[in-house]
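Reading through the structure tokens given below for one structure.
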Amino acid sequence: MAEKDENLMAMRHSLAHIMASAVRRLWPEAKFGVGPAVADGFYYDIDLGDAKLSEEDFAKIEGEMRKVIGEDQAFERSEKPIDEAVKWAREAGQPYKEELLNDLKRSGTTVAKDLDREEMGTIAGGSDSAVDTVSFYTNGDFTDLCRGPHVESTGKVGAFKLLRVSGAYWRGNEKNPQMQRLYGVAFNTDKELRQHLQMLEEARKRDHRRLGQELDLFVFSDLVGSGLPLFTPRGTVLRDELLGFSEELQRAAGFQKVAIPHITKQALYEKSGHWDKFGEELFLVRSQETSDQFVLKPMNCPHHIQIYAARPRSYRELPIRYMESTMQYRDEKKGELNGLSRVRGISIDDAHVFCTLEQIEGEFTAIMNMIKDMYGVLDMRFRARLSFRDDSDAYLGEPANWEKAQAIIEDVAKKLEIDYFIEEGEAAFYGPKIDIMVTDALGREWQCATQQLDFVQPERFGLTYVAADGSEQRPVMVHKALLGSFERFLSVYIEHTAGRFPVWLAPEQIRVITVNQEDATVEFADKLAAQARELGLRLEIDNSNESVGKKIRAAEVWKVPYTVVVGEKEISSSSVVPRIRQDLAVNGDAGGSIGVEQFLKTVANEAKSRVHKTSLHG
RNA sequence: GCCACCUUAGCUCAGCUGGUUAGAGCAUCGGUUUUGUAAACCGAGGGUCGUCGGUUCGAAUCCGACAGGUGGCUCCA
């Protein structure tokens with residue numbers, strides 16, 4: 001398995017070389033950056049100067065690549081002393097390679113830590129000691145600085161396809177010149193490539209932006225502004241249900257809801273430190289009455305802190321837990337906005353706990369249990385990333401407290417048998433945290449829930465409580481979110497479910513289709529609707545003058561969980577034959593006739609207990 | 001913010017290299033039909049072709065700016 005993967009990566013990386021040699025044939029002036037193998041293919045960062053690649057060039061490049069492959073050039077490894085290599089790069093007119101080689105010569109490794117991993121296969125070194133020689137690979141007349149590995153010859157590659165070209169800063173640094181990243185997918189066989197492209201097509205179909213429109217969940221308006229979604233009635237059902245569930249879990253764990261204004265004086269964030277750190281992301285609000293400078297709240301913690309700080313606190317009160325899910329505003333850079341997954345109005349199911357150091361374990365355990373409950377009901381797998389500090393001095397607070405807290409966090413993860421991994425250097429500057437990585441139906445991982453310890457803000461705001469011995473002590477804070485940003489979570493969840501929401505979340509739970517528009521039929525449907533509403537169900541009647549077949553189809557397209565057709569038979573028997581959305585059925589069909597009242601009660605029960613499968617028998 | 005690409009009816013899209021009143025399907029509305037589990041039939045309305053400016057005898061089509069979007073880069077407390 002591992003060996004097979006290695007071969008696959010060597011093949012993909014070889015394709016990067018083949019692509020580079022093809023590009024150089026077409027554009028002899030091309031300057032090359034790095035060209036690694038990646039998860040599903042390969043890319044090469046290329047600088048063509050004023051000439052720019054576009055998708056129209058793909059056919060041409062792919063054709064040239066096929067020629068290189070057809071020529072079956074051997075990949076030959078060679079070594080050069082580092083100084084000779086630098087000279088080679090200069091003479092070959094490859095300034096990016098020259099820069100890499102010079103870094104290599106100077107430090108024995110490339111400077112950018114993050115890139116080191118990605119650039120595997122492109123950069124020769126990587127050890128800490130100074131480098132004497134570097135290796136090159138040559139295919140045909142194309143020589144590239146490279147550590148390998150490669151397949152034997154250009155003929156020995158699998159199926160590939162160029163997918164996109166995009167901008168990429170040299171070495172990932174925004175201050176560096178921008179290159180073009182030419183990206184393709186590659187697999188051993190045509191079949192695997194086809195399957196992968198199909199998966200991409202499936203992902204495209206599930207795209208939350210597309211489904212958001214098709215299922216009428218949210219809209220954007222140029223007049224309102226980019227990154228500011230407007231939720232329709234259907235989308236608002238999802239919002240209320242999801243945030244309501246989060247609130248329910250928190251309430252049960254002793255969290256209290258608070259309400260705060262959305263604008264605040266700039267001074268609050270100057271004191272919290274957010275003004276310095278995130279100044280450019282804050283929306284400014286100007287008062288026409290006073291000279292006060294206001295900002296739209298980009299987070300809730302400083303407000304919650306003000307509630308805590310409003311009067312003296314006793315140790316007997318702790319932990320104090322404030323929650324709310326109102327919108328926060330961050331002025332993200334334009335190019336970073338993306339559907340619902342990156343917006344400028346963000347609703348986090350946010351909460352802040354003020355407690356003693358001794359209480360951290362209990363609080364983390366309680367929060368982790370809520371997370372387990374939440375994602376259990378949502379039917380999503382997750383694992384936890386314990387984000388700890390590293391040895392650098394980028395962190396505030398007592399190192400001893402950090403150590404203690406990190407030990408507690410890992411202990412909690414162990415005790416609750418959470419699938420977790422530790423990442424050092426990922427902590428926030430103010431404390432260690434647990435980030436929850438949720439896996440969706442297509443196997444992609446997303447960071448959603450989080451809980452973070454904060455030693456810094458209590459310090460900045462001088463928060464205290466009176467301990468049992470009468471002394472003033474400093475509380476610690478825990479920030480937590482179960483869904484994280486509701487908007488981002490919804491984008492993940494829409495794609496996870498492909499818009500087929502479980503009954504408790506479905507904006508429309510039951511659709512009633514009338515066979516005709518006769519009075520008796522309409523009356524029956526109306527009565528059914530009234531009964532459903534009494535049970536708190538969301539039901540729509542389709543009484544349009546269309547064929548039953550067409551109305552059924554419409555209900556399917558809207559992914560309504562239950563559809564019932566009503567006509568003479570139903571009226572005389574006071575029963576219905578529910579049509580059940582396929583993913584809800586336990587074994588295919590859920591069949592028979594059922595009394596109206598029993599049907600509605602069953603559905604209401606399913607909604608209340610938030611189950612994923614129907615309890616109507618098959 | 002940076003690079004590439006995109007923007008034609010509510011939605012999905014046609015409209016070749018600039019040339020008379022800009023098309024289709026779905027959706028909407030009206031009529032016929034009174035329908036039994038994934039699309040009945042007929043008809044109608046709907047677009048200053050994202051906005052502004054320029055080139056041209058003539059612009060949906062070419063150029064520029066701006067806005068919005070897509071894919072990445074950077075960023076994501």
message: For a quick check, with a 4.0 angstrom heavy-atom cut-off, what is the B/S/- contact string for nucleotides 66-72 of chain B, read 5' to 3'?
response: --SSSBB
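Within 4.0 Å of A:K550, counting heavy atoms only, lie sugar-phosphate atoms of the nucleic acid but no base atom. Contacts of A:V515 with the nucleic acid, taken as non-hydrogen atoms under 4.0 Å apart, include base atoms. Across all strands, A:E280 comes closer than 4.0 Å to no nucleic acid atom at all (heavy-atom distances). Within the 4.0 angstrom heavy-atom criterion, base atoms lie near A:G567. Here A:K569 lies in heavy-atom contact (under 4.0 Å) with a base. When heavy atoms are screened at a 4.0 angstrom cut-off, A:E281 is found touching base atoms of the nucleic acid. Residue contacts for A:F429: at a heavy-atom cut-off of 4.0 Å it reaches no nucleic acid atom on any strand shown. Contacts of A:R488 with the nucleic acid, taken as non-hydrogen atoms under 4.0 Å apart, include base atoms.
Using a 3.5 Å distance cut-off with no hydrogens or angles, the side chains of A:D440 and A:W446 do pair a donor with an acceptor. No side-chain N or O of A:R234 forms a donor-acceptor pair with one of A:T232 less than 3.5 Å apart. Remark: the A:T521 side chain and the A:T514 side chain contain no N/O donor-acceptor pair separated by less than 3.5 Å. The closest side-chain donor-acceptor pair between A:D350 and A:H479, if any, does not fall under 3.5 angstrom. Checked by atom type, the side-chain pair A:T614/A:Y562 shows a donor-acceptor distance below 3.5 Å.
Across all strands shown, B:G46 forms no Watson-Crick or G-U wobble pair with both distances under 3.5 Å. Base-pair partner of B:U21: not found among the strands shown (Watson-Crick or G-U wobble, both distances under 3.5 Å). The partner of B:U34 cannot be assigned: no Watson-Crick or G-U wobble pair with both contacts below 3.5 Å exists in any strand. Applying the Watson-Crick and G-U wobble criteria (two distances, each under 3.5 Å), B:C5 pairs with B:G69. Across all strands shown, B:G53 forms a Watson-Crick or G-U wobble pair, both distances under 3.5 Å, with B:C63.
In this structure, A:E568 and A:R342 both approach RNA chain B, and ranking their closest nucleotides by distance from the 5' end singles out A:E568.
Distance CG (A:D542) to P (B:U28): 10 Å, rounded to an integer number of Å. In this structure, NZ of A:K205 is placed 15 Å from C1' of B:U12, rounded to the nearest angstrom. Counting to the nearest Å, the P atom of B:U32 and the CD atom of A:Q517 are 13 Å from each other. Between the C1' atom of B:A39 and the CD atom of A:E556 lies a distance of 13 Å, rounded to the nearest Å. Rounded to whole angstrom, the span from the CZ atom of A:R553 across to the C1' atom of B:U37 amounts to 14 Å. Taking atom CE on A:M179 and atom P on B:C73, their separation rounds to 15 Å, with Å as the unit. The separation between A:Y44 atom OH and B:A4 atom C1' is 21 Å, rounded to whole Å. Here B:G36 presents its P atom at 12 Å from CD of A:E518, a figure rounded to the nearest Å.
Put simply, A:R579 has a side-chain N or O that comes within less than 4.0 Å of OP1 or OP2 on B:A38. Contact between the side-chain N/O atoms of A:K175 and the OP1/OP2 oxygens of B:C75 is not found at any separation under 4.0 Å. Contact between the side-chain N/O atoms of A:Q213 and the OP1/OP2 oxygens of B:U12 is found at a separation under 4.0 Å.
Going from the C1' atom of B:A44 to that of B:A9 covers 15 Å, rounded to whole Å. With both ends at atom C1', the span from B:U21 to B:U28 equals 24 Å, rounded to whole Å. Across the P atoms, B:A60 and B:U8 are found 15 Å apart, a figure rounded to whole Å. Rounded to whole Å, the P atom of B:C41 lies 26 Å from the corresponding atom of B:A14.
With contacts defined as side-chain heavy-atom distances shorter than 4.5 Å, the pair A:I346/A:E487 qualifies.
Residue A:E546 places no side-chain atom within donor-acceptor reach of the base of B:A39, judged by atom type and a 3.5 Å distance cut-off alone. You won't find any donor-acceptor pair under 3.5 Å spanning the side chain of A:N176 and the base of B:U74, going by distance alone.
Of the charged side-chain nitrogens involved, none lies within less than 4.0 Å of a carboxylate oxygen, so that A:K60 and A:E64 do not count as a salt-bridged pair. Checked for salt-bridge contact, A:E556 and A:R553 miss the test: no charged N lies under 4.0 Å from a carboxylate O.
Remark: A:R12 is not positioned above the aromatic ring of A:F42, lacking an NZ or CZ atom under 6.0 angstrom from the ring centre and at most 45 degrees off the axis.
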